[in-house]
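Have a look at the structure below, then the notes.
Keep in mind it's a predicted model, so treat the numbers as computed, not measured.
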Amino acid sequence: MPELPEVEVLVRHLAPLLRNKTVRNVQVRRVKVLAPTSSRKFARTLRGARFVGLSRRGKYLVFEFRAQNQTRTQILVGHLGMTGRMYLLPAAARLPRHAAVVLGLGREKFIFEDTRYFGRLTLDASVLARLGPEPLAREFTAACFARALSRSTQPIKIKLLDQSLVAGVGNIYASEALFRARLAPTLPACRLSNDQVDRLRRAIREVLREAIDCGSTVPLNYSGAGKSGRLFYFGRAPGSPDFYEERLRVYGRAGQPCVNCGSPIKDMLQAARRTFYCSCCQRPRGARTGRKSGVKSV
DNA sequence: CACCATGTTCCTTG
DNA sequence: CCAAGGAACATGGT
């Protein structure tokens with residue numbers, strides 16, 4: 001469920017369901033996902049705790065709770081990794097195969113399920129301090145973005161995945177944002193002009209904002225929504241509008257016509273991650289038609 | 001069997 | 001100390 005918009009939608013969905021619920025019992029089925037918190041400390045801290053709030057930072061979920069007999073609140077940090085999911089089930093329901101942590105809440109139970117166990121649910125909040133600005137907040141300014149980019153010669157696509165640069169962009173929305181900004185994924189980060197930096201900044205915000213809006217209109221019931229991890233990137237939930245599956249303009253569309261110019265979308269590998277782009281709209285020298293200056297002769 | 005997948009961290013090298 | 005590159009983590013789908 002992994003990038004910022006999916007986490008945001010999940011947080012909005014989960015927040016009212018958890019508010020004021022008390023943890024009656026704690027079941028840890030994969031100690032690994034708690035790291036570096038020990039199983040004992042995790043269970044001891046959460047048993048009897050009451051949820052008071054849930055928010056998001058980058059791709060992380062931040063659960064605020066009040067431990068039993070304590071006045072101050074504490075924080076539980078969640079991350080979905082590649083395949084993680086979090087949801088409530090009736091207390092009597094059978095556990096899914098890869099349930100990593102189960103929190104009994106009375107008549108319901110909170111499930112953290114993760115097929116690959118790359119995700120986290122931990123009392124260690126230190127990761128949050130290393131995150132860059134929230135892309136949808138005021139703090140994500142052109143100036144700070146430009147400064148961060150200027151220090152790197154890496155291709156811009158790879159830089160966008162750096163969570164200390166800006167928090168929450170993942171592999172899918174990195175391709176989407178670059179397409180929207182009409183920037184070549186291979187462009188060295190430090191070579192972007194001020195204008196390009198600002199275009200990219202706006203593109204990131206638009207792409208994430210639209211994805212949140214889109215995901216917010218879809219019921220998060222996890223029941224019928226098909227394959228591919230049941231993420232709202234792919235496919236669509238029954239009854240949801242058609243634009244839902246047309247949301248992604250380049251990601252996963254290799255060979256299909258570009259929605260702008262019709263030339264086939266290409267894909268390549270960058271730092272072992274796939275990148276999708278339009279070689280016509282996202283030219284390294286800018287998206288203009290072929291002229292002498294832009295053509296390399298052999 | 002081989003390869004691919006929404007993510008992060010650790011290790012090494014320069 | 002920092003930037004960059006690559007492997008590792010674990011499982012399932014095609």
Rounded distance (Å) that lies between atom P of B:dT8 and atom CZ of A:Arg57 | 13 Å
Taking CD1 from A:Ile158 and C1' from C:dA3, how many angstroms apart are they, rounded to a whole number?
-> 12 Å
Does [N] have OP1 or OP2 sitting under 4.0 Å from an N or O in the side chain of [X]?
| X | N | result |
| --- | --- | --- |
| A:Arg97 | C:dG12 | yes |
| A:Arg116 | C:dG12 | no |
| A:His98 | C:dT11 | no |
| A:Lys59 | B:dG7 | yes |
| A:Gln163 | B:dG7 | no |

Is the A:Phe179 to A:Tyr277 ring centre distance short of 6.0 Å?
-> no
Stretch residues 146-157 of chain A: residues that reach within less than 4.0 Å of DNA chain C through a heavy atom = A:Arg151, A:Ser152, A:Thr153, A:Gln154
Main-chain N/O of [Y] paired with [X] side-chain donor or acceptor, under 3.5 Å:
| X | Y | answer |
| --- | --- | --- |
| A:Arg85 | A:Phe112 | no |
| A:Gln256 | A:Ile265 | no |
| A:Lys159 | A:Pro155 | no |

Show your reasoning for whether side chain to side chain donor-acceptor pair (under 3.5 Å) applies to A:Ser175 and A:Thr275.
-> CA-CA 6 Å; A:Ser175 282; A:Thr275 301; 4.9 Å; no
What are the residues of residues 117-127 of chain A, sorted by number, that bring a heavy atom to within less than 4.0 Å of DNA chain B?
-> A:Phe118, A:Val127
Look at the rings of A:His98 and A:Tyr117 and say which category their plane angle falls in: under 30° parallel, 30 to 60° tilted, over 60° perpendicular.
-> perpendicular
Nucleotide nearest A:Lys32 (side chain, heavy atoms from C-beta), chosen from C:dT11, B:dT8, C:dA10 = C:dA10
Closest listed nucleotide, where the reference is the side chain of A:Arg130 and the choices are B:dG7, B:dT9, C:dT11 = B:dT9
For A:Ala167 and A:Glu134, the nearest pair of non-hydrogen atoms, with its separation, is CB-OE2, 4.4 Å
Taking every non-hydrogen atom, the tightest pair across A:Leu4 and A:Pro135 = CD1-CG, 3.6 Å
Does any nucleotide pair with B:dT12 by Watson-Crick or G-U wobble geometry, both distances under 3.5 Å, and what is it?
-> C:dA4
Taking atom P in both C:dA10 and B:dC11, what distance in whole Å separates the two?
-> 15 Å
Check: A:Ser126/A:Asp124 side-chain N/O donor and acceptor closer than 3.5 Å = yes
